[in-house]
Amino acid sequence: MKQFKCVLWLAVVALQLAFGQCDTKGVTVVKSFLQSVHDCTEYLQIPKERLIQYMSNEFPPDDETKCLLFCVGVDLGWWNNTCGLQVPSIVSFFQPVQGDKHYEKRTKECLQRRVGAIESPNSCCQAYETFQCYFQEFGNLVTCPQYVRLTKLQATQAALDCLVVLRYPEELLQVYAQGVVEDSPETRCLYHCIDHRTGLYNENGISLAHFFVRDSAYNDLRYLSKETKACRDRIRQSGCDKCTEVYTTHTECLTGLGENGYTSGIITEAAKIALTNLGVGCAHPAPKQCKCPTKPPYTPTKPPCNVCQEPAKPYPSHPVASVKYSGYKPSTPQPPCNKGPVYNRCHLGYGSRGCPCSRCSGRSY
């Protein structure tokens with residue numbers, strides 16, 4: 001009986017592997033706009049009744065909502081406090097539709113008019129007005145989860161995980177830590193592991209759309225060009241192994257695009273951390289005795305909630321001027337006082353697992 005159960009269990013595992021049901025996404029983050037709104041209401045402790053309002057596509061211009069959308073922008077990677085708007089990241093959450101050839105122009109003019117006029121350095125106001133311009137002018141919100149770019153810190157952790165999993169020797173770690181990341185079988189498989197773990201490589205090969213989002217600050221449309229796609233496809237169809245496919249695609253197709261030396265840079269940083277960790281022991285320190293406080297705990301004073309009454313700060317709008325998209329056009333815009341365009345829903349329920357994302361996102365990179 002035990003042998004029969006073991007054989008049955010092995011058969012189930014084999015089926016899961018055959019149909020790709022195992023979790024191999026590593027640290028990849030895919031998230032929907034509504035999921036981020038839900039999370040940000042928790043982070044900011046916004047009353048639950050307001051979540052119902054946001055789920056109905058209503059985003060009134062109050063301070064609470066403005067800071068909610070700032071949170072969503074940071075969470076989904078389309079807002080950065082240093083550089084402002086990250087165009088490739090925000091457009092992945094909107095679906096232009098055919099029939100309007102002026103959505104880019106309207107969005108740019110809206111950003112100049114509404115965001116450029118803000119007399120405050122507070123990012124809540126800037127992020128809110130930026131979202132409203134895309135919400136009203138660029139297209140409809142995509143309800144399906146989209147790829148969210150990792151921070152450099154997260155990507156470095158992924159590279160460190162790969163170094164550990166692949167069990168590279170200390171001698172090779174020392175070479176990487178010196179900034180020398182040269183072509184070798186180990187380097188090729190390290191590139192493959194990193195791209196796979198961070199969502200840049202999947203069963204369909206290198207995802208140029210995800211690379212485009214990863215380097216959002218550069219808004220490098222060459223990632224989506226026909227030439228880059230043809231280069232990637234040629235290498236993928238050459239019959240080489242996966243490690244060689246990934247590394248060769250980096251060197252022959254992606255060199256000079258986006259951030260120069262991104263992958264080799266995180267490999268160098270990860271190797272330094274790995275070498276530092278080699279000398280770290282696993283001993284647990286003895287527990288310390290607790291001491292009772294001699295005075296009552298400090299109670300912070302909550303600051304005023306009005307976030308838009310501060311001196312002016314220039315808005316970094318230069319990424320918007322270079323945005324050029326083709327293929328899909330937005331629906332007819334609605335006046336700012338209306339609720340904005342209706343979600344292009346696949347399901348009425350929030351967070352539905354059956355959502356056919358390729359149909360919702362409307363993108364074919």
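At least one side-chain heavy atom of Glu170 sits less than 4.5 Å from a side-chain heavy atom of Leu275. Side-chain contact between Ile206 and Leu208 is present, with at least one heavy-atom pair separated by less than 4.5 Å. Using a 4.5 Å cut-off on side-chain heavy atoms (C-beta onward), Phe211 and Asp220 make no contact.
Checking side-chain atoms of Arg222 against main-chain N and O of Gly256 turns up a donor-acceptor pair under 3.5 Å. Judged by distance alone, with hydrogens and angles left aside, the side-chain atoms of Thr255 form a donor-acceptor pair with the main-chain N or O of His250 at under 3.5 Å. Thr156 contributes a side-chain N or O that, together with a main-chain N or O of Lys152, makes up a donor-acceptor pair within less than 3.5 Å. With hydrogens and angles disregarded, no donor-acceptor distance shorter than 3.5 Å links the side chain of Asp215 to the backbone of Tyr218. A distance-only check finds a donor-acceptor pair linking the side chain of Ser89 to the backbone of Gly77 [under 3.5 Å]. Using modelled atom types, no side-chain atom of Ser32 and backbone atom of Gln146 make a donor-acceptor pair closer than 3.5 Å.
Under a hydrophobic-cluster definition in which Ile, Leu, Val, Met, Phe, Trp and Tyr are linked whenever side-chain heavy atoms come within less than 4.5 Å, directly or via other members, Leu221 and Leu200 are assigned to the same cluster. Hydrophobic clustering of Ile, Leu, Val, Met, Phe, Trp and Tyr side chains at less than 4.5 Å, counting indirect connections, unites Phe93 with Met55. Note on Trp78 and Val87: same hydrophobic cluster, where clusters join Ile, Leu, Val, Met, Phe, Trp and Tyr whose side-chain heavy atoms are under 4.5 Å apart, directly or indirectly.
For Arg114 and Glu137, the salt-bridge test fails: no basic side-chain N is under 4.0 Å from an acidic carboxylate O.
Scored by the side-chain contact (heavy atoms from CB on, under 4.5 Å) test, Glu186 finds Tyr168, Leu172, Tyr176, Ser184 as partners (sequence neighbours excluded).
Within the 6.0 Å centre-distance limit, the rings of Phe33 and Phe131 are counted as a close aromatic pair.
Tyr134 and Phe94 have tilted rings, their planes meeting at an angle from 30° to 60° on a 0 to 90° scale.
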